[in-house]
Amino acid sequence: MLRVEGLTVEVGGKEIIHSVSLNIGVGETHALFGPNGSGKTTLLMAIMGFPRYQVTKGCILFKGEDITRLPVDERARLGMGIAFQRPPVVRGVKAREMVRACMGEREDGPVIDEMAIRLNLGELLDREINYGFSGGEIKRSELLQLLAQSPELVLLDEPDSGVDLVNIALVGEMINELLQKERMRTRTHAGLIITHTGHILDYVNADKAYVLLDGSLWCQGNARELLASIKSHGYEGCAVCQK
Amino acid sequence: MSKVVRKQADEVDLETYSQTAEEHPYEEDPSRLPSDDKGRMLEAGVVLDSSSQRSGTFLQIDHSVVHCKAAEEGLEVMASTGALEKYPWLSDYWWQAVAVDADKFTAEAERHQNYGYFIRALPGVKATQPVQACLYIGRHGLAQNVHNLIIAEEGSELHIITGCTIAPIVTEGLHIGVSEFYIKKGAKVTFTMIHNWAPKMAVRPRTGVVIEEGGVFLSNYICLKPVRTLQMYPTVRCVGENALVRFNNVLVATSGSKMDVGSRAILAARGARAEIISRAITTGGSIIARGHLVGQVADVKGHLECRGLILSEEGNIRAIPELDGQVAGVDLSHEAAVGKIAEEEVEYLMARGLSRSQAVAVIVRGFLSVDIEGLPPQIEAQLQRAIELSEKEIL
């Protein structure tokens with residue numbers, strides 16, 4: 001579904017991502033590990049097509065189509081969706097309006113309310129989006145928007161950071177729904193999840209994982225094994241391991 | 001300094017406007033007015049086809065009072081000149097909240113007054129529906145000088161919608177509107193004013209408000225259409241303890257429009273509170289958004305918020321907030337931000353599948369939709385409608 005080949009990304013004239021390649025098949029979920037500042041968010045933002053993240057080399061293919069030069073809204077309409085780690089506050093725009101925008105033609109008031117209640121966000125719908133939201137509320141509101149959008153490729157930037165123990169199971173459940181984890185053979189969605197701590201993987205199964213260090217994919221493999229290794233040796237261990 | 005003053009004064013030359021207008025007949029049933037005029041009035045929040053939505057109506061076209069009626073017990077709606085004759089004691093209120101010699105426009109309103117409205121709620125009367133007033137200019141090039149007087153007696157409640165607008169054929173004219181409000185002990189007035197003018201109109205509202213103990217004045221002002229020059233600085237004096245005033249101003253200046261709009265609250269009694277919120281958008285015009293909070297005694301609180309969006313290379317917005325704490329124990333604050341739409345916000349919406357222009361429209365609509373506490377749903381719907389009607393011009 002998503003094929004990234006030799007992707008090099010600059011931000012403000014500085015190269016952050018160096019020739020990264022990855023391939024996510026239909027129905028698969030991949031995890032991206034890496035320490036702070038390793039370029040995880042930059043990679044995700046470049047895949048989604050935000051103009052600040054300039055692709056200088058390589059290409060991005062989505063469902064076989066080269067989307068490297070497509071603007072972000074066209075990528076969204078093709079079936080890509082992203083949950084931001086730190087989304088901006090948009091004063092005056094209610095969460096409900098954002099969710100409605102995500103639903104596009106499929107706009108349906110009661111469905112929005114039902115989804116919000118499931119995410120413990122009922123009261124937040126009529127507040128300005130992200131204004132005064134707690135860390136956990138932001139994560140759940142991002143997931144609510146994605147559920148409304150129902151993208152085929154789900155990009156999640158640290159869905160577990162700042163989420164308390166009570167809500168992390170809920171967040172996991174919603175991600176599983178987004179990724180159609182209840183289906184075994186008929187999944188049409190796929191996902192790429194950035195996680196710094198790996199907590200979310202206690203709730204969401206990943207088929208594969210990558211470690212990103214200093215903007216390069218350092219290694220890839222089984223998600224649980226990689227996470228266990230990072231937990232015992234730290235990211236320093238990853239660096240040494242390759243040497 | 002004198003140069004600036006002279007320039008401002010020269011913006012409106014009183015001599016260029018006609019002082020005479022044909023007489024319009026009184027209309028017992030205002031729904032029979034021409035549909036063109038009614039349409040313009042409706043855009044400014046004045047409903048003439050369904051009287052059940054209003055507790056009273058005052059309608060003035062040019063220099064004629066065309067209709068006035070109070071539809072609820074305990075409310076009075078009439079021409080201010082008639083009210084002065086009926087109640088000689090009103091002279092105690094006339095030119096007390098606004099000084100007659102404040103400037104040449106107040107002087108002009110005194111010299112050549114053409115009616116205006118008197119709206120009063122008797123003690124304890126709580127109007128169930130809004131009272132509406134419409135000041136309409138139907139003659140091109142006319143000067144309309146009105147003087148309005150609003151009294152909310154003790155414990156009463158009033159919602160007033162004032163729509164000031166013009167006939168489709170009018171592009172030039174002058175509107176001077178003196179408005180004096182007296183909010184008595186424990187009374188509450190919500191005043192919503194929608195201005196729909198034309199590219200060559202000059203507009204000079206002059207408003208003064210006096211709030212007694214526990215009184216509340218909520219003012220919503222909307223001007224989204226072109227106007228050559230608009231200048232106003234309504235001043236509220238909170239003279240009674242725990243008096244409360246809240247201003248919400250929503251302005252859109254299209255190319256060629258000059259708007260200088262402020263709100264001033266003088267907090268002169270303990271527990272008085274004021275909030276001034278303004279939203280300004282320029283699509284090519286010039287806006288000065290002023291705010292002035294004066295804390296004269298301890299234990300008063302005021303906040304001023306001004307946000308401006310510049311949507312065009314030509315437009316400009318100056319926010320001028322002033323805080324004047326005259327004693328210790330006042331709590332006055334302000335925040336102001338002027339700039340273009342944040343790219344990050346546009347991209348956030350685009351990531352949900354909206355095109356750039358759709359994203360900008362959602363952000364602008366959100367920017368203008370001020371959440372106004374305590375506003376009746378009808379008036380909120382009216383404000384929303386005014387914003388929707390102007391959306392095409394803004395974007």
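Note that the structure is a prediction, hence the values are computed from the model and not measured. Naming convention: chains lettered A, B, ... in sequence-line order (proteins, then strands); numbering from 1 in each chain.
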List the atom of B/Arg352, the atom of A/Ala76, and the distance in Å for their closest heavy-atom pair.
C-CB, 4.1 Å

For A/Glu123, does the CD atom have more than 12 heavy-atom neighbours from other residues, nucleotides or ligands under 6.0 Å away?
no

Can you confirm whether more than 12 heavy atoms, excluding those of A/Arg86, are under 6.0 Å from its CZ atom?
no

Among A/Glu74, A/Met80, A/Arg91, who wins on heavy-atom pairs under 4.5 Å with chain B?
A/Arg91

Report which part of B/Arg356 has an atom under 4.5 Å of a heavy atom belonging to chain A: side chain, backbone, both, or neither.
backbone

Mind checking the CD-CG spacing from B/Glu345 to A/Asn130? Nearest 0.5 Å is all I need.
10.0 Å

One option among A/Leu78, A/Val90, A/Ile129 has the most heavy-atom pairs under 4.5 Å with chain B, and it is A/Val90

Suppose a student defines contact as a heavy atom less than 4.5 Å from any heavy atom of chain B. Which residues in residues 139-156 of chain A would they list?
A/Glu142, A/Gln145, A/Leu146, A/Gln149

Please round to the nearest 0.5 Å and tell me the distance separating atom CD of B/Glu347 and atom CG of A/Asp73.
10.0 Å

Checking an interface table here. Which of residues 49-57 of chain A come within a heavy-atom distance under 4.5 Å of chain B?
A/Phe50, A/Pro51

Determine whether more than 12 heavy atoms belonging to other residues, nucleotides or ligands lie under 6.0 Å from atom NZ of A/Lys63.
yes

Closest heavy-atom pair and its distance - A/Val72, B/Ala351:
CG2-CA, 3.8 Å

Could you check whether atom NE2 of B/His292 has more than 12 heavy atoms from other residues, nucleotides or ligands sitting under 6.0 Å from it?
yes

Test side chain to side chain contact (heavy atoms under 4.5 Å, CB included) applied to A/Met98 and B/Leu354, B/Val362, B/Leu349, the passing residue
B/Leu349

Is the CZ atom of A/Arg77 crowded by more than 12 outside heavy atoms at less than 6.0 Å?
yes

